[in-house]
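The first residue in the sequence is number 1, and the count goes up from there.
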Amino acid sequence: MTLPLLLIDIDGPLNPYAAKLTRRPDGYTTHRMRPDSWVSRHVNPRHAKPLRVWLNHQHGALLQALPYELAWCTTWQAEANEWIAPHLGLPELPFVPFEELWATRPDDTYFKTWDVVRWAQGRPFAWIDDEIGEKDREYVAGVHDASALLHHVDPRVGLTAEDFQVLADWAASLPCVVCDGTGGDHQIGCNNEAQP
């Protein structure tokens, strides 16, 4: 059984970085992190202040309860497994590698979009990110043959119960690739009735 992919951005969906600096969102804890990708951006890396990250520790279990194969889709890339996954109780996850971080695309899509489609290799996927726009949806619809949900998450609040419901409902709406309506074993979300 092949589950759809859930491609997870960190800053925005899991870390509501755009919330008021003086008020940590309810349910979140503050972490100070120094991933190499953050430190290397500074003129004097030895004096780089730690990155403030707000995480809701319930999100790991909620993500794992969804009928998806999870993967990181973040500029943290492999560092997400070291710095974020342990706080959320997530196992080591694969990640979408980006050919060029923060590249400007001629079609005005977000720099991640081309790499997301390439990495998904024709599989159905849902992608949660705070930078997704209409140009990204148009691009994916034009070049990706499988179903795709590009779901924008407000970076001021992070993932909400409504976002988790959208993800669950979308996965349940996918056609069953196992039974083709002929009965037998069904994929999660299959709406086909077994034949007599």
Testing the basics here: between A19 and R156, what is the closest heavy-atom pair and its distance to 0.1 Å? CB-O, 3.3 Å
Kindly say whether the aromatic ring centers of F125 and H144 come within a distance under 6.0 Å. yes
Could you walk me through whether V96 and C73 pass the side chain to side chain contact (heavy atoms under 4.5 Å, CB included) check? CA-CA 5 Å; V96 177; C73 187; 4.2 Å; yes
Crowding at CD, E134 (>12 non-hydrogen neighbours, <6.0 Å): yes
Side chains of P16 and V157: does their closest heavy-atom pair fall under 4.5 Å? no
Does H57 use its side chain to pair, donor to acceptor, with the backbone of H87 at less than 3.5 Å? yes
Chi angles and distances behind the salt bridge (charged side-chain N to carboxylate O under 4.0 Å, His left out) call for R118, D115: CA-CA 5 Å; R118 185 173 19 258; D115 293 319; 2.6 Å; yes
Determine whether R137 and T109 satisfy the following criterion, side chain to side chain contact (heavy atoms under 4.5 Å, CB included), listing intermediate values before the conclusion. CA-CA 9 Å; R137 290 184 183 91; T109 57; over 6 Å; no
Decide, yes or no, whether a salt bridge links D107 with K135 under the criterion of side-chain N to carboxylate O below 4.0 Å. no
Heavy-atom side-chain proximity of D129 to Y110 below 4.5 angstrom: yes
I want to check something: taking the side chain as every heavy atom from C-beta on, are L150 and I128 in contact at a cut-off of under 4.5 Å? no
For the residue pair F98 and F111, does the interplanar ring angle fall in the parallel (under 30°), tilted (30 to 60°) or perpendicular (over 60°) class? perpendicular
What distance do N56 atom CG and T29 atom OG1 have between them, rounded to the nearest 0.5 Å? 8.0 Å
Shared ILVMFWY cluster between V166 and L174, side chains joined below 4.5 angstrom? yes
Counting N and O atoms only, with roles assigned by atom type, does the side chain of H31 sit under 3.5 Å from a partner on the main chain of V53, one being a donor and the other an acceptor? no
Using only heavy-atom distances, determine whether the side chains of Y28 and N15 contain a donor-acceptor pair under 3.5 Å. no
Side chain to side chain contact (heavy atoms under 4.5 Å, CB included) between W170 and Y68, worked out: CA-CA 11 Å; W170 183 80; Y68 289 91; 3.3 Å; yes
Closer than 3.5 angstrom, by distance alone: can the side chain of R123 be matched with the main-chain N or O of L3 as a donor-acceptor pair? yes
State plainly whether one hydrophobic cluster holds both Y17 and L14, where clusters connect Ile, Leu, Val, Met, Phe, Trp and Tyr through side-chain heavy atoms under 4.5 angstrom apart. no
Cluster check L167, L93: I/L/V/M/F/W/Y, side chain < 4.5 angstrom: yes
Test the R52-W54 pair against the cation-pi criterion, namely NZ or CZ under 6.0 angstrom from the six-membered ring centroid and within 45° of the ring axis. yes
Inter- and intrachain pairs under side-chain hydrogen bond (donor to acceptor under 3.5 Å, both in side chains), touching residues 73-85, at least two apart: D11-W76, S37-E79, W72-N81
Would you say the side chain of E69 lies within less than 4.5 Å of the side chain of L6, judging by non-hydrogen atoms? no
Is there side-chain contact between V143 and W114, with at least one heavy-atom pair below 4.5 Å? no
Mind checking whether P91 and Q64 have side chains closer than 4.5 Å, heavy atoms only? yes
Would you say the side chains of H151 and D163 form a donor-acceptor pair under 3.5 Å? yes
Does any non-hydrogen side-chain atom of L5 lie less than 4.5 Å from one of P124? no
Rounded to the nearest 0.5 Å, how far apart are OG1 of T30 and CG of L55? 9.0 Å
For the student: nearest non-hydrogen atoms of L90 and G60, plus distance: CD2-O, 3.6 Å
Run the numbers on L70 and I8 for side chain to side chain contact (heavy atoms under 4.5 Å, CB included), then give the verdict. CA-CA 7 Å; L70 306 181; I8 307 164; 4.1 Å; yes
Do the non-hydrogen side-chain atoms of V153 and T160 ever get within less than 4.5 Å of each other? no
Compute whether any side-chain donor of one residue and acceptor of the other, for W127 and D136, lie under 3.5 angstrom apart. no
